Amino acid sequence: MTTTTQLKQAAGKVQPNGNPLVAHRYGADPYALVFADRVYLYMTNDALEYDENGVVKENSYSSINTITVISSADLVNWTDHGPIAVAGPEGAAKWATQSWAPAALHTVIDGQDKFFLYFANNASGIGVLSSDSPVGPWVDPIGEALILRSTPGVEDVTWLFDPAVLVDDDGKGYIYFGGGVPEGQFAEPGTARVMPLGEDMTSVVGTAKVIPAPFMFEDAGIHKWNGVYYYTYCSNFYDGERPEGSPPAGEIAYMTSDHPMGPWTYHRTILKNPGHFFGVSGNNHHAVFQFHDSWYIAYHAQTLSKAQGIANGYRSTHLNRLTHHEDGSIPEIHADYEGVQQLAALNPYDRIPAATMGWSAGLKTEAGAAGAEQIVTDIAHGGWIGLSGVDFGSGAESFQVSVLSLEAGGVLELHLDEPAGPVIGRLTVPAADGSQEWLELKTAVQGAEGVHNLYLVFIGESDKSLFKLAAWQFTAQEH
């Protein structure tokens, strides 16, 4: 069976590019948490909105009440952990109506790993959830907002949102937030804030301090390098004349301090607006983080929605390298589709969640059973999952997959190097028998040695549901 003419085309994230990070969902306002040799990215869960005629309309953000999470050990293959139900009747924080622009931290309390997820309830306050795992389940530990306009020092903040958090070397936590421009105060909005977190990471201490960020708009960021604290933010879109040395409109700028609370010195901008690189402008939102020995910047752009012809404010996360010069300055970042280098090969002899993808076409993901990983669904004839840099070593003997048969069943083909590349195995998935039970199916594999890109290609009747996938794994040849 040849699949060459039947394959669906990748959109947005196209091989061998690494950006945007995933092509089967959107994700905006990224924030990075590094834990146990993985990067977890928490993102505003942009989802398409439609008018009464079924036409995609401009993203209003008003109905977003979930935060989505993806993670990776190699920065090219990303595992979708699905949306976190944050706000509203179905969410952990039932007092909140929206969940935008998350921030996350890890700390150890009473010898236990603890994770905290901070979020903006529109622009009226900031909440916090807690968990024993970076992917949940999450609970609301205080039952109300962490920061409101009644919090000391924030009464005059126009937009009470966009948190960033830092746990310093001494274990103390700090939260950075705020934004907006009071009437006519474009050059010095005075709406950025910082304040200490309590030891429990679910309370704030004292009075918030102003960060005097020139032409401040939104999007707090914080990182520490070589003993220096870097506060980063997005400049506003004032279209009048700006004094020399001021940040241009809609760019990521940075300030530095010797203390997490300031005082701060302004330097320059380091990331132009997405429109400069990708031809579609919009807000600019970022996070800076270290993973192993390198530094990275996560940011969003409307690249996936642009490729789909619906760039109406629906954003996707990208990654590029960030560097610090010896004098502490940060050179300008060039955003692109290429992305970052893969840090490690993917081990196919581990159990791999099916919602792990380097590239993909013709599929979606959905929640599995309670507490289980996301599963791959809406699998279409000619759809596929691509994995980058898979190391088969001296050879694979067999392939096993956890699959749920649907109406038609179908065939899962294993290809090397590209979606229509050499076939190393075929696995037939039977049509559903009504049992709704997950099956563990296995097939022999031939010709899988060394490092290759791997493609799982789905074949079946084009107008019927084929199957769902939960996880897969190869078995090595015995020598």
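All values reported here derive from a predicted model rather than from experimental measurement.
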Out of T269, T232, V288, I333, which one pairs with I252 under the side chain to side chain contact (heavy atoms under 4.5 Å, CB included) rule? T232
If you measure only the distance, is there a donor-acceptor pair under 3.5 Å linking the side chains of [X] and [Y]?
{"X": "H415", "Y": "N453", "result": "no"}
{"X": "N45", "Y": "T66", "result": "yes"}
{"X": "S62", "Y": "Q98", "result": "no"}
{"X": "Q15", "Y": "E418", "result": "no"}
{"X": "D140", "Y": "W95", "result": "yes"}

Say whether, by atom type as modelled, one donor and one acceptor occur between the side chain of [X] and the main chain of [Y] under 3.5 angstrom.
{"X": "S124", "Y": "N121", "result": "yes"}
{"X": "D51", "Y": "V55", "result": "yes"}
{"X": "D350", "Y": "I352", "result": "no"}
{"X": "S235", "Y": "P248", "result": "yes"}
{"X": "Y314", "Y": "D46", "result": "no"}
{"X": "N65", "Y": "T97", "result": "no"}
{"X": "K13", "Y": "L21", "result": "yes"}
{"X": "T443", "Y": "F399", "result": "no"}
{"X": "S360", "Y": "M357", "result": "no"}

Row check, Y26 ring normal vs R315 NZ/CZ: under 6.0 Å, within 45°: no
Compare all side-chain heavy atoms of [X] with those of [Y] and state whether any distance is below 4.5 angstrom.
{"X": "N284", "Y": "Y233", "value": "no"}
{"X": "N312", "Y": "S305", "value": "no"}
{"X": "D391", "Y": "N347", "value": "no"}
{"X": "Q112", "Y": "D132", "value": "no"}
{"X": "L387", "Y": "W472", "value": "yes"}
{"X": "F119", "Y": "L129", "value": "yes"}
{"X": "L319", "Y": "I297", "value": "no"}
{"X": "L412", "Y": "F458", "value": "yes"}

Applying side-chain contact (heavy atoms from CB on, under 4.5 Å), name anything that partners Q342, two or more places apart in sequence or on another chain. D74, V76, N77, S388
Residues which pass side-chain contact (heavy atoms from CB on, under 4.5 Å) with H334, listed by chain and number, not counting sequence neighbours: F277, D336
Side chain to side chain donor-acceptor pair (under 3.5 Å), that's the test. Do E366 and Q374 meet it? Break it down for me. CA-CA 6 Å; E366 67 180 21; Q374 291 285 109; over 6 Å; no
Salt bridge or not for E144 and K94, using N-O below 4.0 Å? no
State plainly whether the residues E251 and K272 are in salt-bridge range, i.e. N to O under 4.0 Å. no
Test ring pair (Phe, Tyr, Trp, His ring centres under 6.0 Å) applied to F177 and F161, step by step: CA-CA 6 Å; F177 57 94; F161 68 1; over 10 Å; no
Between V165 and A104, which heavy-atom pair has the shortest distance, and what is it? CG2-O, 3.5 Å
Close aromatic pair by centroid cut-off 6.0 Å: F217 and W159: yes
Assert yes or no for the condition that the ring centre distance of H318 to H286 is strictly below 6.0 Å. no
When you look at Q302 and S316, which way does the side chain to side chain donor-acceptor pair (under 3.5 Å) test go after all the steps? CA-CA 6 Å; Q302 296 178 62; S316 294; over 6 Å; no
Between F392 and Y349, what is the ring plane arrangement, given parallel below 30°, perpendicular above 60°, and tilted in between? perpendicular
Can you tell me how the ring of Y337 sits relative to the ring of F278, calling it parallel under 30°, perpendicular over 60° and tilted otherwise? perpendicular
Using ring pair (Phe, Tyr, Trp, His ring centres under 6.0 Å), reason through Y31 and Y42 one step at a time and then give a plain yes or no. CA-CA 5 Å; Y31 200 89; Y42 302 84; 8.0 Å; no
